[in-house]
Structures are given as structure tokens and as C-alpha cells.
Amino acid sequence: MTDYNPIKIEEKWRKKWEEKKAWNIDIKKSKKPYYNLMMFPYPSAEGLHIGNVYAFTGADIHGRYMRMNGHDVFEPMGFDAFGIHSENFAIKQGTHPKDETGKNVNNFREQLKHMGALFDWEHEVDTSSPDYYKWTQWLFLQLYKQGLAYRAKAPVDWCPGCKTVLANEQVIGGKCERCDSVVEQKDLEQWFLKITKYAEKLLNNLDEIDWSEVVKTAQRNWIGRSTGAELEFRIKNHESRVRVFTTRPDTLFGATYLVLSPEHPLVSSMIHDSKFMIQNLDEIKDYINDTKKKTELERTDLAKEKTGVELKGVKAINPANNKEITVWIADYVLSGYGTGAIMAVPAHDQRDFEFAKKYDLSIEMVICPNYPDPTCPVLDEAYEGEGYLVASGDFTGMPNEEAKDKIAKFVNGEEKINYHLRDWLISRQRYWGPPIPIIYCDKCGAVPVPEKDLPVELPYVEDFHPTGTDKSPLATIEEFVKTKCPQCGGEARRETDVSDTFLDSSWYFLRYPSTEFHKKPFDETITKKWLPVDMYIGGKEHSVLHLMYARFITMALRDAGLIDFEEPFVKFRAHGLLIREGAKMSKSRGNVISPDDYFESYGADALRMYLMFLGPYEQGGDWQDSGITGVARFLKKVWELCQNKKGKVKNDPELERLTHKTVKKVTEDIENLRYNTAIAALMEYVNKLTQYTAYDIYCVETLLQLLAPLAPHITEELWQEALGHEASIHNEKWPEYDPEKIKEERARMAVQINGKVRSQIEVDVDAQEDDMKELALGDEKIKKWLEGKTPKKIIVVPNRVVNIVI
RNA sequence: GCCCGGGUGGUGAAACUGGUAAACACGUUUGACUUAAAAUCAAAUGCCGAAAGGCUUGAGAGUUCGAGUCUCUCCCCGGGCACCA
């Protein structure tokens, strides 16, 4: 009998599988395609992170399970190698991202090969290779043609750390998601993708797709749909109008002032137009300047007291009651949302209430909870609840919900839906990304690079460091910038910004099956066969980034007639976070687990299984250093079980039942990504088997088949070498169970008195309820407890419990 | 503030439609084997108690013969959104 040497057998099978290309499937001819996708990593210099291994193992088990269920599983892997993260790392190391990336990709690939996953390396993708980013640029051009890519001057978020502008989604609480710097606001001309066009579809489709609920809610929150009305206020003695967005038109009679954001266009025109006769111009200019100096973080700090300035001399007219009201500017009103102006109803909005208190503005209650009792409560905070209208002209007495529509109509308001979602800013003033394929010509304006001229190659630039200006380092490369206009042939300049990394990853799943095609991004027939993706597994940190962008791009490509589906991922599951002994793993804590250490000591099978055993996959796991010995012991037991070929004994009913039960349990658990309990069931099964001196070989075969997706190497070795099968276990069909054979003959029942367990009885499973009752009452312990008292009531749950109530 | 998760032994965690809480593992203790250690095997292990028994799923209330599971109120941890009008 040979000892279990995981390192040796894993190396052996790794080689064999690679030689045979065991997992590669015929993309073109496949009859039962199953696209099993996981989020490709960015190849950092530190190498494969244990969190990657955790994520990929769970996804690979799913793929292997589907494979044994007869599907042609396509499980590609690639590298998100372009982008700020790779570039920042190169800067830190004093290397060049291009040299760095090649090295890291090779390192990652080698590490990934140790996992024993189904990865198909013939379909690898690297977003930084010209063969890939050529099509990222092509994608941009398609969006441009559709009118979904546009250039606009807008207030944008600038990260002083990364020295580039960022998309909205990449600013978390006023800070850069990459480097944590507080972002600043700049007015710059940038390229945007019109994701807002799809806001409604992105939101509505969420109800239909089979995705983890966490991610769906995150996206719903982010899209942030709110319905209301736009109302118009006249300015007294002037032709100007102010439009406001409100979700509470029912409170219009209580609007006692207007607030404009300091950036509101009307504000600057008022300053420059003497007709307005503003009395405190200097004060207003100062306030606007102060606002400009603030970062978004300071401006939106909830803790800070609200500030504002009245536009003295300007009055607006409340359209509901024609009362004159004052007009203010305040930085708590954001220019980017709604119309950049609000009607303030201090009685029914907490923010307005605070502002009104501070500046002593009138607070008029128009919604009252205790109508028709005319006494309204005295407010020490805004009343935001339901009620009936008071002091609201003809609407007085109406329930406020009903009044929303009616008052909006009464003042000719317009129904309006607003979204929190903003267009996707994709320009980056950085080097390591695909140059945006646009040429500027003095005569023709912005001209897209003709598709035949793609890729616009990223030149190898010695000094690729971000400049810190609003220009990318490419702007200093004369040979790159200077070009001819594709339209008129005249002198022209190239766009020098590159696009956001998330554009690279927004379509990579379309590329994988078509990597062999070099003249198109994805082949039509193959795409029809393989997409949308059947299962996508990844982290929830990309809920409103990658996962939303990918959906948007898919919708846009569909509308362009390039694909025929609008949701890229039929099923998405978010895995949990892997932590270590209760704490997050991070470089700064120095508590990051190295997968290589475990590949080389316990082996990949033990590592895979331990990671999955830690807890429910979708919930995350807490790595305990001492824990891996448990699965290592288990694998050793499995090994030994297969070495001693015990005698053939058929029809041990208890063992047969357990075998079928285990098949059922493991099948259901794997299907639902509950790998931890699947492993527990296998452990129980093995513990039982080791107690037997003889059993049918079928038991061991079934065990290995159930274990194969979790521990691919050891099961292959035992299947072929110990049990003598010629073909791979991974080509075996997934075991089935017979529901008839799971049924027990006898059952243990609890006997309770007033709900407390006092004894146990054993019964035939198909016994009559009365027999169970009788057996319970006859039990010695129960008799003692009853002491001759007559039960008031006896409840029998067959094969479970008898509860005697006295 | 709003929206998702979650709170169960010393630890990671199980528990089907409400029906014997703590499966599976780690750790610990004891014993066997060994000169010894490791490995392995066997036994014990929720808490209190010598035992009988009592108590126990974040807290409190409720529904029920019976609640970790359902309802309500509240507390704590993780995450998302947020002066969004």
C-alpha cells in the first residue's frame, strides 16, 4: 500500500491533463454548451491571491459538476491586465507596465494551473494585448455610431492620487476607490458613455434575471429611480422661470422659498443682469467661490450645518397660491440632480426645516395627520408622514397621496422620473489603457478612427508617469499625437486619453469563445451558440461597476444589431469574502495566505476542499490556520479506503440507504453552492464506510464520483490506479439516487411532555398514529413523569414527535 | 436615515414545509501504540450540577401543543446607498 502523496500525484495529473488538453472542448461542434464564467483577475506582481483561489474553486466545482452532468463546459480564464492598478504597481516598482504585465501574466498562469481547474488555456484573453484592445476600441466606435459615446464639458471627479478623472461609480463616499484620495471637482471636457439611456431597462430587467439578491439591490440603489414632478416658478417682474423637481407636489402650498444650487445657470445670469437688482452681489459671489473650493466630500458631509445666501431683491411666485417667496442659493442643493433647484417645504422636509430654522424662514404646515381636527402638532422637526391637506386652497381635506397628482396638474407640472445613475465617464489621463480612437481635425471636428486603422496602438513610452495635468502622458509624444484627418486628410491630432479599465472588462466574455478570430471581435455563430453566459460567479464588490457596465454594453450591442440578447449573464452568484481568523486579509496587516505554500504542502485538493469547507460559499469563510488538517485527514482516509479492496458484500440495507442519501444530499448541496455541507456529508459517509469490514465496490466508486468536482486529482488517481478504470473519472456520469432506497424502516421519535423532551421511542415508519401514541404512553420514563395524570391533549407528528400535554 | 446580509458551544459552522438545537470539522482532555515525539486509533467534550435535574440559538414580548425558524419592538456586527429634494 502506497502512502497518499498529494504533491506527487497532483503533478502527475496536471501534466497528463495538460498534454491531453483534457478540458478543451470543441467550441464549434459542441452539442450541449455550458458557459461557466468567473471574474478574470488583474495579474498583480504579488501573484495569485488566496481570495482568487477561493472564488475560482467554487466556480470550478460548479463547472465540473455540470460537466459530469453531460454538458460541454467552457471555462475560460484570462487577465484584466490593462488599467490603473497594473500601472500604479509598475510605478511603485520602478518598472514599465508592459514588461511588468508580461511577467506577471506568466506567473499567474503557472499558479492557476496548480488549482486543478477546468481552465481552457487556448482561449486565454489579455486585455492589454493589441489583439484584444483593438476590439475595445472597435466597441467604442460602435457606441459612438449609436450616439452612445459623446464628449462633453462637465463637472467631473478628479483623483489627485491617481492623477486622472474617475467615473461616478469609482468614487466611494467622496474618495477614490483605488487609492482613497479625496476627489476634487474639475470642469473638463471628457468622453462619456450614455448608460443613462438604459436606466429603465437596467432597473426593470433586474426583476427577471437569476442573480444574487445582494447585487440586484445594490444596482437598484445605484440606479436610484425616483418619480415626481417638475414644477415651474415665475420670477417676479422678470421673464425668467425656475423649474424644480419634487417628489412631493402635494406640499406645494407649503413651499415658502426656493433654493438654487450655486452652479445653477440662472444664478450667473442674475449676477450679470442688472435687471434683477440684486442687493447683496458681493455676498453671493463670495458664497459661490467658497463652494467651488470645497470638495464633494466636504459639501455632502451630512454632519455639517447647512449654509446659504438669500438673493436679496429677487422674489419668486408660488404657482399654487401666488404668494411671493424668497429665493436662496445653498450648496446642499446639488447641480447635478433634478433641475439643480428645489422648492423648499420646511414643514415637510427635514433638510428644509433645518435651513428654515437657521435663517428664520416661515414654516407652514400643509399636511396634517389629525384632520379634520384643525389643531396641527407644533413641529420640532419636519413632518414627513401621511396626512390630509390643510391651508391648501381647494385641496384642503384631501389625503396627501391623492393630492400629489392633482396639485401637479393644477399648476401644469410635468410628471418626471429622475435617476441617480450618471453617464459613464471613460476618459483617463493615464498611459496604460487603450487610446480612445478619435482624431481631432480643425476642419472636421472630432472624427472617429476608421475601423480598418485599428488598433490605435499604444506606443511604448519610457516615461509613462501620469502628468497631473488634464492631459495623459501620451500628449507629449509628438509622433503619436500628430496624424492626418481620416476625412479631409489634413493635419490633425489624436485623442490622447485612454479609456477606463472597466470598458476592457465590459465585454471580455464575448471574446473568450472567439479568440481564434482575428478579423472580428466575436463570431456570430459561435456567439449564438455560447452566449449569454450560463453561470457567472464573482465578488459583489463589482455590483455597480463591472456588473452594471457589462449589462449596459450588452444592451447597446443588442440595439446595434450585433448580438441578439440583452442580458449577458443568465445566472450570477456572488461568493462571500474570505477572511482569516476574524480579520480581513491585507498586505498591511501581513496576514495574507499564500496559495503556493499550500499547493506545495497539503496540495491543491486539500486547499480546494478546505476553502469550501469553511462556510457557505455565498456567505464567505473564516480561514483558521489549524483547520486544514481536517480535510487532509479526510483525504487520507479516502485514499486508504481505496487501497484495501474489501470483500464484495451486497445489499447491506443500512449502507445502501446511506449511499443513496449521500448522493441526494451532495447533489442538492453542490447544485445550490452549499459546498460546506456537501463536504460534511461526504465525511459522514467515509466515517461510516471505514467501520465496515466489507462493502460493495459501488460504494467507493460513488464516493469518488461525488468527490471528483471538489478534489479532482486524488479522485482521478484512485479511480484509475487503485480501482483500475481506464478512462478519466471526470468523464463519468454524475451518480443518481433511487428515492425508494432512501426510505427508512424504523424511526426514532421524541416523546415530549408539555414540549419538553422526556424520552425516545422507536417505531416502524408506517405505523399508525394511535400505535405511536400508545407506545409513547407506555414508555417507562413517560409513565413516571405522568404519575397517573390524564393527558389533556396528545399531538403526534409521525416519525418525529409525540407531545403529551398535561 | 433607507436597503441588503448576519448574530447559534472554546473556534469555523449544521438544522427540511415550525417538530429531539449544536451535524461535520478544528481545538481541548484522557487513554492505547512509542524509549520519546509526530502520525494513527479509542473515549469524552454546549453551560450549571456529584446526581436527579435545570438552563441554552443577540435582548424583550407575542402566536403555537411545540419557535434558531413565524409576527412585533429593540440592540450589535458586516456591506451597499445617501443633503438625490
Side-chain angles (χ1 to χ4, degrees), chain A residues 3 172-173 212-226 228 244-248 251 259 299-304 306 330-334 336-345 348-352 354-355 384 418-421 540-541 543-544 574 576-577 579 581-582 584 610 613-616 618-631 633-634 636-637 640 665 668 674 676-687 690 748-760 791-806:
Chain A
D3 282 341
I172 313 289
S212 291
E213 206 50 48
V214 241
V215 175
K216 293 211 262 185
T217 1
Q219 293 204 351
R220 282 191 192 106
N221 283 344
W222 186 260
I223 295 167
R225 183 185 202 266
S226 82
V244 302
F245 173 71
T246 179
T247 55
R248 295 293 305 273
T251 62
V259 190
R299 195 170 158 179
T300 57
D301 182 3
L302 274 166
K304 108 179 180 249
K306 292 176 183 29
D331 67 3
Y332 79 90
V333 174
L334 307 172
Y337 187 78
T339 61
I342 60 156
M343 63 179 212
V345 185
H348 303 292
D349 181 284
Q350 189 56 27
R351 293 157 302 183
D352 299 341
E354 284 162 24
F355 193 80
E384 293 178 340
N418 263 312
Y419 300 93
H420 167 248
L421 183 71
K540 40 188 159 240
E541 66 276 13
S543 296
V544 296
L577 188 69
I579 56 170
E581 322 228 297
K584 256 185 195 159
Y610 182 51
F613 187 58
L614 291 171
E618 290 179 81
Q619 216 100 128
D622 189 354
W623 175 286
Q624 315 265 319
D625 292 344
S626 57
I628 195 167
T629 53
V631 292
R633 279 177 195 148
F634 165 76
K636 206 173 160 193
K637 277 192 213 168
E640 276 155 17
K665 174 81 178 144
E668 287 170 357
R674 290 190 303 247
N676 56 330
T677 47
I679 293 169
L682 288 167
M683 285 174 166
E684 280 184 76
Y685 187 56
V686 166
N687 289 346
T690 51
R748 260 182 174 237
M749 292 178 70
V751 184
Q752 302 178 329
I753 291 176
N754 291 343
K756 286 196 199 297
V757 179
R758 295 303 182 191
S759 187
Q760 292 189 346
K792 282 188 205 140
K793 199 172 176 185
I794 300 176
I795 290 116
V796 180
V797 183
N799 304 324
R800 292 248 176 224
V801 83
V802 177
N803 190 12
I804 302 165
V805 186
I806 55 172

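In this text, all values refer to a predicted model and were calculated from it rather than measured experimentally. In what follows, chains are A, B, ... by sequence order, proteins preceding strands, each numbered from 1.
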Over how many whole Å does the gap from [X] atom [atom1] to [N] atom [atom2] extend?
X	N	atom1	atom2	answer
A:Lys665	B:C24	NZ	P	12 Å
A:Ile753	B:U20	CD1	C1'	14 Å
A:Ile342	B:A85	CD1	P	11 Å
A:Arg748	B:U20	CZ	P	14 Å
A:Trp222	B:C81	CH2	P	6 Å
A:Arg800	B:A21	CZ	P	12 Å
A:Glu354	B:A85	CD	P	16 Å
A:Ile579	B:A13	CD1	C1'	13 Å

* Asked: Hey, is B:G9 sitting syn or anti, using the within-90° cutoff around 0?
  -> syn
Could you pull out all residues at least two apart from [X] that satisfy side chain to side chain donor-acceptor pair (under 3.5 Å)?
X	result
A:Glu668	A:Lys664
A:Tyr610	none
A:Asn221	none
A:Lys636	none

Using Watson-Crick or G-U wobble geometry with both distances below 3.5 Å, tell me the partner of [N], or none.
N	answer
B:C72	B:G60
B:G1	B:C81
B:C41	B:G31
B:G49	none

* To do: Hey, can you tell me if A:Trp222 and A:His420 have their rings parallel, tilted or perpendicular (30° and 60° cut-offs)?
  => perpendicular
Review item, nucleotides 38-40 of chain B N/O atoms under 3.5 Å of protein N/O:
residue: B:U40; atom: OP1; partner: A:Arg633; partner atom: NE; Å: 3.4

* Pairing residues for A:Asp352 by the salt bridge (Lys or Arg N to Asp or Glu O under 4.0 Å) criterion, not counting sequence neighbours -> none
* Using a 4.0 Å cut-off on protein heavy atoms (strictly under), produce a 5'-to-3' string for nucleotides 63-71 of chain B with B for base contact, S for backbone-only sugar-phosphate contact, and - for none. => --BS-----
* Letter per nucleotide, 5' to 3', of nucleotides 1-12 of chain B [B base touched, S only sugar-phosphate touched, - untouched; heavy atoms, 4.0 Å] -> --SS-S----SB
Over all strands shown, is [X] touching base, sugar-phosphate only, or nothing at heavy-atom distances under 4.0 angstrom?
X	answer
A:Asn418	nothing
A:Glu541	nothing
A:Arg225	nothing
A:Val259	nothing
A:Lys540	nothing
A:Ser543	nothing

* To do: Just jot down the side chain to side chain contact (heavy atoms under 4.5 Å, CB included) partners of A:Val345, sequence neighbours excluded, or say none.
  => A:Thr251, A:Ala255, A:Met343, A:His348
* Structure fact -> By ring-ring contact (aromatic ring centres under 6.0 Å, His included), A:Tyr337 pairs with (sequence neighbours left out) none
Please report the distance separating the [atom1] of [N] from the corresponding atom of [M], rounded so that it comes out in whole Å.
N	M	atom1	result
B:G18	B:C70	P	9 Å
B:A23	B:U8	C1'	13 Å
B:A15	B:A50	C1'	33 Å
B:U57	B:A51	C1'	27 Å
B:A22	B:U40	C1'	27 Å
B:G78	B:G27	C1'	26 Å
B:U34	B:A39	C1'	11 Å
B:A14	B:C26	C1'	15 Å

Among [options], which nucleotide sits nearest the side chain of [X]?
X	options	answer
A:Arg758	B:G80, B:A25, B:G53	B:G53
A:Lys306	B:G19, B:C83, B:A85	B:C83
A:Asn676	B:A14, B:G19, B:C26	B:A14
A:Tyr337	B:A85, B:A15, B:G27	B:A85

* Which residue, A:Ile679 or A:Asp349, contacts RNA chain B at a nucleotide closer to its 5' end, judged by nearest heavy atom? -> A:Ile679
* Check against side-chain contact (heavy atoms from CB on, under 4.5 Å), A:Glu618 and A:Ser212 -> CA-CA 9 Å; A:Glu618 290 179 81; A:Ser212 291; 3.9 Å; yes
Check: residues 749-756 of chain A side-chain donor-acceptor pairs under 3.5 Å, at least two apart:
residue: A:Asn754; atom: OD1; partner: A:Ile806; partner atom: N; Å: 3.0

Backbone N/O of [Y] and side chain of [X]: donor-acceptor pair under 3.5 Å:
X	Y	value
A:Gln760	A:Arg748	no
A:Thr339	A:Ala341	yes
A:Ser543	A:Ala218	no

* To do: Using the side chain to side chain donor-acceptor pair (under 3.5 Å) rule, take A:Lys793 and A:Asn803 through it: C-alpha gap first, then chi angles, then the decisive distance, then the call.
  => CA-CA 8 Å; A:Lys793 199 172 176 185; A:Asn803 190 12; over 6 Å; no
* **Pairs meeting criterion salt bridge (charged side-chain N to carboxylate O under 4.0 Å, His left out) with involvement of residues 216-226 of chain A, two or more places apart** => A:Glu200-A:Arg225, A:Asp207-A:Arg220, A:Glu213-A:Arg220
* For B:C55, does OP1 or OP2 lie under 4.0 Å from any side-chain N or O of A:Lys756? -> yes
* **N/O (side chain, A:His420) to phosphate O (OP1/OP2, B:C81) under 4.0 Å** => no
